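Below you'll find the structure, written out as structure tokens, and then a few comments.
Chain naming here is simple, since letters A, B, ... match the order of the sequence lines and numbering starts at 1 in each. For the numbers below, each heavy atom of this structure counts, side chains included, while hydrogens, waters and symmetry mates do not. Keep in mind it's a predicted model, so treat the numbers as computed, not measured.
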There are 2 protein chains.
Amino acid sequence: MAKTISEIAEETGYSRTTITMVLSGRASEYRISARTQKIIQDYVAEHGYTINQTARNLKTRRSHTVGFVAPEIANPFFARFMASLEACCRAEGLVLITTSSGEDPALEVRALQSLMERGVDALVLAPCAPRPPASARKRGRRTPMVLVDRHYPGDSVEAITSDHRENARLLTAAVMASGAERVVFFCGHPDNPAIAERIAGFREAAGDGEKARVLTADDDSAAAGEAMMQALLADGGELPSALVCSSLLVLEGALQCLKQARSAVPPEMIIATFDYDGFLELLPNTVIVIRQDEAALARAAFSSIAAQIGGKPAAEGTRTIVDAELVRLNATA
Amino acid sequence: MAKTISEIAEETGYSRTTITMVLSGRASEYRISARTQKIIQDYVAEHGYTINQTARNLKTRRSHTVGFVAPEIANPFFARFMASLEACCRAEGLVLITTSSGEDPALEVRALQSLMERGVDALVLAPCAPRPPASARKRGRRTPMVLVDRHYPGDSVEAITSDHRENARLLTAAVMASGAERVVFFCGHPDNPAIAERIAGFREAAGDGEKARVLTADDDSAAAGEAMMQALLADGGELPSALVCSSLLVLEGALQCLKQARSAVPPEMIIATFDYDGFLELLPNTVIVIRQDEAALARAAFSSIAAQIGGKPAAEGTRTIVDAELVRLNATA
DNA sequence: ATGAAAGCGCTAACAA
DNA sequence: TTGTTAGCGCTTTCAT
């Protein structure tokens with residue numbers, strides 16, 4: 001921690017104020033003489049100085065810090081989102097503090113609590129459970145906050161999400177337009193509102209007859225994908241002509257299971273999923289993907305909290321939709 | 001922020017000390033009467049209290065915070081490492097603050113600086129450039145630190161890494177044992193010491209004759225993989241019997257390029273790479289992978305900083321090796 | 001069993 | 001042009 005302002009003041013013979021002013025770059029504003037500035041600069045160049053942000057934060061009640069609580073940072077979607085959000089923050093001199101809840105509501109609460117105790121200027125949350133109504137939360141200056149990706153009905157905080165329902169509808173429609181007759185949708189974690197919306201969208205496009213089945217699992221993982229595929233295979237009968245998955249993890253598990261059971265993924269099966277992975281391009285199958293725009297989501301989330309930090313009253317219950325892209329790989333194959 | 005300790009003291013009629021004691025769970029230790037405790041507990045239950053960690057940190061000179069600077073958090077290896085490290089931290093009541101440098105040395109310096117200003121108790125760094133020698137850094141109580149994944153020669157800080165050279169040797173040997181005759185190694189970013197070591201290991205196993213070529217690119221990206229594949233194809237001649245890549249991104253780019261050029265990745269080509277991705281299992285090719293143990297790396301890094309925080313003098317220049325796993329996919333295919 | 005008081009390092013209004 | 005001063009909210013030693 002090198003020297004403190006007091007020490008520098010002591011040792012150069014100037015007052016703390018003077019030192020503060022030149023170190024914070026407001027020397028001219030306070031008309032510190034060039035000579036004084038130089039003396040102080042030189043002293044610092046020699047002895048070093050790292051500001052103690054803790055003390056500064058305590059005094060100014062700003063931490064120049066934004067908290068982000070992700071359900072699972074190992075999920076590439078959130079990793080990319082985090083990278084974009086961090087870039088937004090850095091551009092404004094803010095530091096992003098990322099934490100993950102592991103999809104555990106109790107951990108989510110603890111993470112939020114911990115970030116607030118540390119005085120973050122704003123919070124970005126991808127919730128894994130509905131939050132208690134505002135009235136139940138303790139009063140006091142509430143920290144600016146924005147929800148991303150997921151939105152539980154009734155939450156009054158602004159949410160930035162993709163239109164999961166519409167995207168699922170488009171994806172499913174594209175699958176059917178490619179000639180699929182029997183379509184199966186594998187869903188991890190249907191309690192998650194994003195997933196629930198995807199199911200709704202799937203139903204809109206595919207109907208709910210015999211030829212459009214939805215299988216669900218308790219969580220969003222490769223194991224869940226495997227389990228659903230096993231259930232499907234156990235049913236006997238022929239494979240569907242298209243497989244739609246709610247996430248890359250589920251897809252991965254499902255395809256691995258299929259490969260084990262049938263020695264290969266049938267190349268004529270249409271594969272559809274949310275989120276992009278480069279290796280999908282290598283499959284011989286037609287692959288259709290909804291690719292969310294993590295950078296745009298991050299920008300939207302950031303501009304919301306920036307506005308709130310700037311004093312703009314939070315837009316209660318607003319929901320902002322960010323467009324996603326429908327990508328078709330191997331369309332020519 | 002609800003109430004402060006002073007306010008609670010004021011409004012309940014007790015002193016700040018008493019409030020502190022019961023709120024920090026040391027009531028019995030200080031023999032606060034049960035009645036007093038109850039009164040205070042009730043008051044807090046009704047009005048709420050969130051401790052101001054900023055003030056606490058300032059006083060105690062501990063932030064219960066660990067900083068992690070990753071080169072690129074969107075890289076799944078670092079994302080998984082971060083998730084594991086966070087779990088270690090949480091178990092000890094520490095909060096992990098993750099930041100990324102984007103492989104930019106200037107950003108790395110800024111990130112470290114910013115974390116130190118914020119008073120993190122320790123730093124975990126995956127460096128993207130050699131750091132200035134300790135003597136050049138400003139004196140003062142140095143923050144406990146550990147390097148991960150990469151280690152620039154001459155750095156005196158403890159490093160936790162895989163044995164990149166040996167792993168590359170094993171990987172290459174496994175490839176050759178599978179019958180590959182002509183082997184090509186695509187490398188992103190050879191300035192990175194981890195990559196340089198991998199090249200050395202490759203050479204050990206494959207020699208440096210005509211049949212063992214190394215191509216390099218300036219960065220670690222899919223674009224780099226594509227460029228190297230294009231260069232290889234432009235050379236004419238037949239494809240190598242095995243392709244080794246320094247990272248998943250490079251592999252992805254290389255294979256996509258190959259697919260474009262030859263309509264498909266030749267299924268008899270052996271593919272080898274570092275780091276695992278579930279979709280690799282779906283390729284018809286024999287795929288051999290070095291799978292690093294992110295959780296073990298995280299545990300080792302954490303135990304090092306925990307020891308340093310606990311006052312153990314840093315083990316100068318120590319290098320700790322964490323075993324990786326050689327995985328062969330589709331060996332039967 | 002409880003309280004008083006000093007002070008962590010910094011900022012900023014006000015004085016000089 | 002520079003200095004004085006009063007805290008920010010908390011912990012902790014020492015009194016009572």
Side-chain angles (χ1 to χ4, degrees), chain A residues 1-41 43-44 47-65 116-121 140-141, chain B residues 1-41 43-44 47-65 116-121 140-141:
Chain A
M1 291 282 182
K3 303 271 181 181
T4 72
I5 286 194
S6 294
E7 285 166 344
I8 298 179
E10 180 104 352
E11 293 167 30
T12 57
Y14 289 96
S15 79
R16 301 221 298 287
T17 313
T18 306
I19 308 294
T20 298
M21 290 319 168
V22 357
L23 289 184
S24 64
R26 286 173 298 171
S28 54
E29 188 183 323
Y30 276 74
R31 293 176 290 195
I32 308 294
S33 72
R35 204 179 78 91
T36 301
Q37 290 189 43
K38 176 145 182 20
I39 292 176
I40 295 174
Q41 301 285 13
Y43 183 92
V44 166
H47 297 89
Y49 170 69
T50 25
I51 189 174
N52 182 329
Q53 293 286 359
T54 304
R56 179 174 210 264
N57 296 347
L58 179 59
K59 180 67 186 176
T60 61
R61 289 140 173 295
R62 284 273 268 126
S63 66
H64 300 276
T65 264
M116 297 191 52
E117 288 175 352
R118 295 194 142 73
V120 293
D121 293 341
R141 197 185 60 70
Chain B
M1 294 277 183
K3 302 270 181 181
T4 72
I5 285 193
S6 293
E7 286 167 343
I8 299 178
E10 181 104 353
E11 293 168 31
T12 59
Y14 290 96
S15 77
R16 300 221 299 284
T17 314
T18 305
I19 308 295
T20 299
M21 290 319 166
V22 358
L23 288 185
S24 63
R26 286 172 299 170
S28 54
E29 187 183 324
Y30 276 73
R31 291 174 294 196
I32 307 295
S33 73
R35 205 181 80 89
T36 302
Q37 290 188 44
K38 176 146 181 24
I39 293 176
I40 295 174
Q41 303 284 14
Y43 183 91
V44 166
H47 298 89
Y49 170 67
T50 23
I51 190 174
N52 181 330
Q53 294 285 1
T54 303
R56 179 173 209 266
N57 296 347
L58 179 59
K59 181 65 186 175
T60 60
R61 293 142 172 292
R62 284 272 269 127
S63 66
H64 300 275
T65 264
M116 296 190 52
E117 288 174 353
R118 296 194 141 74
V120 293
D121 293 341
R141 199 185 61 69

Mind calculating the distance between [atom1] ([X]) and [atom2] ([N]) to the nearest angstrom?
{"X": "R118(B)", "N": "dC10(C)", "atom1": "CZ", "atom2": "C1'", "answer": "14 Å"}
{"X": "Y14(A)", "N": "dT11(C)", "atom1": "OH", "atom2": "P", "answer": "19 Å"}
{"X": "E117(A)", "N": "dG9(D)", "atom1": "CD", "atom2": "C1'", "answer": "13 Å"}
{"X": "E10(B)", "N": "dG3(C)", "atom1": "CD", "atom2": "C1'", "answer": "14 Å"}
{"X": "L23(A)", "N": "dT2(D)", "atom1": "CG", "atom2": "P", "answer": "14 Å"}
{"X": "K38(A)", "N": "dT1(D)", "atom1": "NZ", "atom2": "C1'", "answer": "19 Å"}
{"X": "I39(B)", "N": "dT2(C)", "atom1": "CD1", "atom2": "C1'", "answer": "13 Å"}
{"X": "I8(B)", "N": "dG3(C)", "atom1": "CD1", "atom2": "P", "answer": "14 Å"}

Do [X] and [Y] have side chains that approach each other closer than 4.5 Å (heavy atoms only, starting at C-beta)?
{"X": "Y14(A)", "Y": "V22(A)", "value": "no"}
{"X": "I51(A)", "Y": "L23(A)", "value": "no"}
{"X": "E11(B)", "Y": "K3(B)", "value": "yes"}

Next on the checklist: Within the 4.0 Å heavy-atom criterion, would you say L58(B) contacts the bases, only the backbone, or no part of the nucleic acid?
Outcome noted: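 The answer is base, as L58(B) lies within the cut-off (heavy atoms under 4.0 Å) of a base atom.
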Hey, is the side chain of [X] poking within less than 4.0 Å of OP1 or OP2 on [N], counting only N and O atoms?
{"X": "T36(A)", "N": "dT2(D)", "answer": "yes"}
{"X": "S33(B)", "N": "dA1(C)", "answer": "no"}
{"X": "T60(A)", "N": "dC8(D)", "answer": "no"}
{"X": "Y49(A)", "N": "dC10(C)", "answer": "yes"}
{"X": "R61(B)", "N": "dG9(C)", "answer": "yes"}
{"X": "T18(B)", "N": "dG3(C)", "answer": "yes"}
{"X": "R56(B)", "N": "dT11(D)", "answer": "yes"}
{"X": "S15(B)", "N": "dG3(C)", "answer": "yes"}

Item to check | Options dG3(D), dC8(C), dA12(C), nucleotide nearest the side-chain atoms of M21(A) | outcome: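 Of all the options, the side chain of M21(A) is nearest to dA12(C).
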Next on the checklist: Nearest to the N52(B) side chain among dC8(C), dT2(C), dC10(D), which nucleotide is it?
Outcome noted: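 Closest nucleotide to the N52(B) side chain: dC10(D).
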Checklist entry - Could you give the distance from OG1 (T20(B)) to CZ (R56(B)), rounded to the nearest 0.5 Å? => result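 Here the interatomic distance stands at 10.0 Å.
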Next on the checklist: Looking at R118(B) and S63(B), would you say the former's side chain and the latter's main chain have a donor-acceptor pair under 3.5 Å?
Outcome noted: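 Looks like no, no N/O pair under 3.5 Å.
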Restricting to non-hydrogen atoms, name the atom on [X] and the atom on [Y] that form the minimum distance, rounded to 0.1 Å.
{"X": "S15(B)", "Y": "A9(B)", "answer": "C-CB, 3.8 Å"}
{"X": "T54(B)", "Y": "N52(B)", "answer": "N-OD1, 2.9 Å"}
{"X": "R62(B)", "Y": "N57(B)", "answer": "O-OD1, 2.9 Å"}

Polar-atom pairs under 3.5 Å, protein N or O versus N or O of nucleotides 5-7 of chain C: list them with distances, or write none.
from   : atom 1 : to     : atom 2 : distance (Å)
dA6(C) : N6     : R16(B) : NH2    : 3.1
dG7(C) : N2     : K59(B) : NZ     : 3.1
dG7(C) : N3     : K59(B) : NZ     : 3.2

